[in-house]
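For reference, the structure discussed in these notes is given below.
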Amino acid sequence: MEQKLLFLVILATLITLTTQRRVNCQYSNLPIHHQDLQLYQSLFSDFEETDTRSGREVLVFQTLASLSSVATGGVDLTETIVTANSLERQIKDASVPLSVVQEDWFTTWLKLGNNALSAGDSFLQSDDTIGAASAYHRACMYYQLSLRLFTDHFNQTALDVYTQSTRAFIMAINLKSPLYPNCQLLEIPYYDNITGIHVNLHGYFCGSTLYPVGEARTILLLTGYDGSAEGSFHSAGVTAAKYGFNVIIVEGPGQGYTVRKSRLPFRPDYEYVSNQILKFAFEHLNIDPNTLIIWGRSFGGYLAPRIFAKDTRFQLLVADGGVYDFFQSLFCKLPPLLQELFYHDPAKFDTEFELYKEYSLQLNFFMSFGKLGFNVSSASGIYNKLMEYELSGVMDGFANRTLFVNHPELDTLTGNQSMIFYDHLPKNSNVKLKSESIFSGAALHCSVGSTSVSISSILSWLVSHS
């Protein structure tokens, strides 16, 4: 009996290993030259880099991501650069333990967030609502920036800081500053048919600054693997409203405040989520149901195309950038040894991954947000979940449809996914491919650091197709 049971266990394990999806990595990673990447590394330029630590790129990317919101008042340019430089002096020595790097990052940006919040309170006491709103927006972004290197996003301290960030943002939009679009908090009722629970999806609605809500086209703006609704407001939402669009910004399962509050993980069939978002929007927001656009940034470049392919109510799609196979994009960045361990010895894969993680900010970042978004506890668990996120089964849904694909040429996170997505589109799709060159200032993942180049190109295209 015991031998039979052992045989069944071994057989089940072999079936699992042999049915795991294999991917071709030959075309997945972009050929990126170090001298090109250095153009974007004016911050943390003296940071001592090692192959295992991979610190500079993470710190530069996270800081540039915040600087993307300078134009919309999400952060202050000099305040951010001065803070980044102070961090560089603290953590540039590669002999400093990674935990110290993470703690310094957290406490430094947290202090900046607290200062901005106090400034907002002072402005408000003086009846300066414009100054208060500006300060509260900065507080929100600094609080969220402080958590970027946090290892456990369900830690109570992390939850408290994140909640404070959303409160600061809500305080800002409630002041109705003329510097920002007229926005309101959304709490969208959502039923999850997997867990059977009811929750509210967190988000915002910003009306067009040019037209009445009922006469403007409406964008459903989706963030990605590690993004937030508040970050999306500054990266694209503010400018979209000024271009004349209504903007619905929503965090679904796996994202932002929604996952921190509900613990609902990502799901590959995001059209199930968007159906409930649209139902709410049609009933409560007075938008025109015949002028819908969907725009997905980062991992949203998988979520939005998936929805678009399944739902013909959307007239236009922006894949910023496109993600054809999320598993391929992240798995192919692993060393070959780890790739083989994943397929043949998941337990050892997890052990080796944990060892790598002790020295790498990149792997720490990947793991912390993977655990948050997919509700798993191991690296192999994350990669097994990622296998479900690929678009091969829905590509026919793009036939005779109109879409924009943004392809940054220095995307070190999702690699060549935008081009892979573009290459798999049906020949009869009407697609605009925009390749952001190295010298445009918008060539990194999601064109981070660019305050206008990429976003303006996309919005100009949307206006021309309205």
Side-chain angles (χ1 to χ4, degrees), residues 16 19-21 153-154 159 166 185-205 218-229 232 248-285 287 289 292-314 317 319 323-327 369-378 381-398:
T16 300
T19 56
Q20 284 180 312
R21 185 162 60 84
H153 293 283
F154 288 121
L159 291 174
T166 60
L185 173 69
L186 297 181
E187 293 182 342
I188 300 175
Y190 172 76
Y191 170 71
D192 186 75
N193 62 346
I194 298 174
T195 62
I197 66 173
H198 294 265
V199 298
N200 288 330
L201 303 181
H202 174 73
Y204 304 95
F205 176 68
T218 299
I219 297 171
L220 175 57
L221 181 60
L222 299 179
T223 187
Y225 185 76
D226 57 291
S228 69
S232 295
I248 302 171
I249 308 171
V250 183
E251 297 167 350
Q255 297 177 321
Y257 186 72
T258 295
V259 70
R260 288 167 172 85
K261 185 177 180 180
S262 69
R263 299 207 175 208
L264 283 178
F266 283 114
R267 54 187 296 162
D269 57 337
Y270 237 61
E271 66 276 9
Y272 177 83
V273 181
S274 63
N275 281 334
Q276 297 184 55
I277 296 171
L278 292 184
K279 181 177 183 295
F280 175 88
F282 297 153
E283 293 175 356
H284 299 282
L285 300 180
I287 63 170
L292 297 177
I293 300 162
I294 188 164
W295 181 348
R297 310 194 75 225
S298 189
F299 181 38
Y302 162 85
L303 303 174
R306 164 83 191 204
I307 293 167
F308 184 75
K310 291 282 189 174
D311 192 340
T312 57
R313 289 176 294 182
F314 290 100
L317 162 69
V323 178
Y324 180 76
D325 187 337
F326 198 42
F327 172 72
F369 280 97
K371 289 179 177 180
L372 174 74
F374 292 101
N375 194 25
V376 295
S377 59
S378 67
I382 296 173
Y383 281 103
N384 278 319
K385 288 291 185 182
L386 292 178
M387 284 191 172
E388 303 174 41
Y389 294 82
E390 53 96 18
L391 295 173
S392 62
V394 301
M395 296 308 292
D396 288 346
F398 297 98

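- Rounding to the nearest 0.5 Å gives a distance of 9.0 Å between CD1 of I249 and OH of Y204.
- Side-chain contact between L317 and P305 is present, with heavy atoms from C-beta onward closer than 4.5 Å.
- Interatomic distance, CZ of R263 versus CZ of F154, reported as 4.5 Å (0.5 Å rounding).
- Contact between Q255 and G224 at its shortest, heavy atoms only, is NE2-O, 3.3 Å.
- In this structure the side chain of K261 never reaches within 4.5 angstrom of the side chain of V199, judged on heavy atoms.
- Looking at heavy atoms from C-beta onward, W295 lies out of side-chain contact with L220 at the 4.5 angstrom threshold.
- Judged by distance alone, with hydrogens and angles left aside, the side-chain atoms of E187 form no donor-acceptor pair with the main-chain N or O of N200 at under 3.5 Å.
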Go through I287 and I248 one step at a time and tell me if the side chain to side chain contact (heavy atoms under 4.5 Å, CB included) criterion holds.
CA-CA 10 Å; I287 63 170; I248 302 171; 4.2 Å; yes

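- In this structure, the side chains of N275 and R313 come closer than 4.5 Å at one or more pairs of heavy atoms.
- Each of F327, F374, Y383, Y225 was scored for a ring pair (Phe, Tyr, Trp, His ring centres under 6.0 Å) with Y389, with one residue passing: F374.
- Shown here for S232 and L221, the closest heavy-atom pair between the two residues is O-CD2, 3.7 Å.
- Taking every heavy atom of both residues into account, I307 and S274 meet most closely at CG2-OG, 3.3 Å.
- Remark: the backbone N or O of E251 is paired with a side-chain donor or acceptor of T258 at under 3.5 angstrom.
- Minimum interatomic distance between V323 and S298 (heavy atoms only, all atoms of both residues): CG2-O, 3.6 Å.
- Atoms CG and CZ, on L186 and F205 in that order, are 8.0 Å from each other to the nearest 0.5 Å.
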For side chain to side chain contact (heavy atoms under 4.5 Å, CB included), just list the numbers for V273 and V250, CA-CA rounded to whole Å, side-chain angles, deciding distance to a tenth of an Å, and then say yes or no.
CA-CA 10 Å; V273 181; V250 183; over 6 Å; no

Would you check, one step at a time, whether the test side-chain hydrogen bond (donor to acceptor under 3.5 Å, both in side chains) holds for Y191 with N193?
CA-CA 6 Å; Y191 170 71; N193 62 346; over 6 Å; no

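- We find the CG-CG distance between L222 and L303 to be 6.5 Å, quoted to the nearest 0.5 Å.
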Step-by-step side chain to side chain contact (heavy atoms under 4.5 Å, CB included) determination, R306 to D269:
CA-CA 7 Å; R306 164 83 191 204; D269 57 337; 3.7 Å; yes

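- Of all non-hydrogen atoms in I188 and Q276, the two that sit nearest each other are CG2-O, 4.0 Å.
- To the nearest 0.5 Å, atoms OG1 (T166) and NE2 (H202) are separated by 5.5 Å.
- Between I294 and D311 there is no side-chain heavy-atom pair separated by less than 4.5 Å.
- Note on ring orientation: taking the six-membered ring where Trp is involved, the planes of Y270 and F266 are tilted (angle from 30° to 60°).
- D192 places a side-chain N or O within donor-acceptor distance of the main-chain N or O of T195, the cut-off being under 3.5 Å.
- Counted within 6.0 Å of NZ on K385, heavy atoms from surrounding residues, nucleotides or ligands total 12 or fewer; the atom is thus considered open.
- Residues satisfying the ring-ring contact (aromatic ring centres under 6.0 Å, His included) test with F282, not counting sequence neighbours, are none.
- In this structure, CZ on F308 lies 10.0 Å from CD1 on I293, to the nearest 0.5 angstrom.
- Heavy-atom minimum distance, Y302 versus L391: CE1-CD2, 3.4 Å.
- F280 has its side chain within reach of P189: a pair of non-hydrogen atoms, C-beta onward, lies under 4.5 Å apart.
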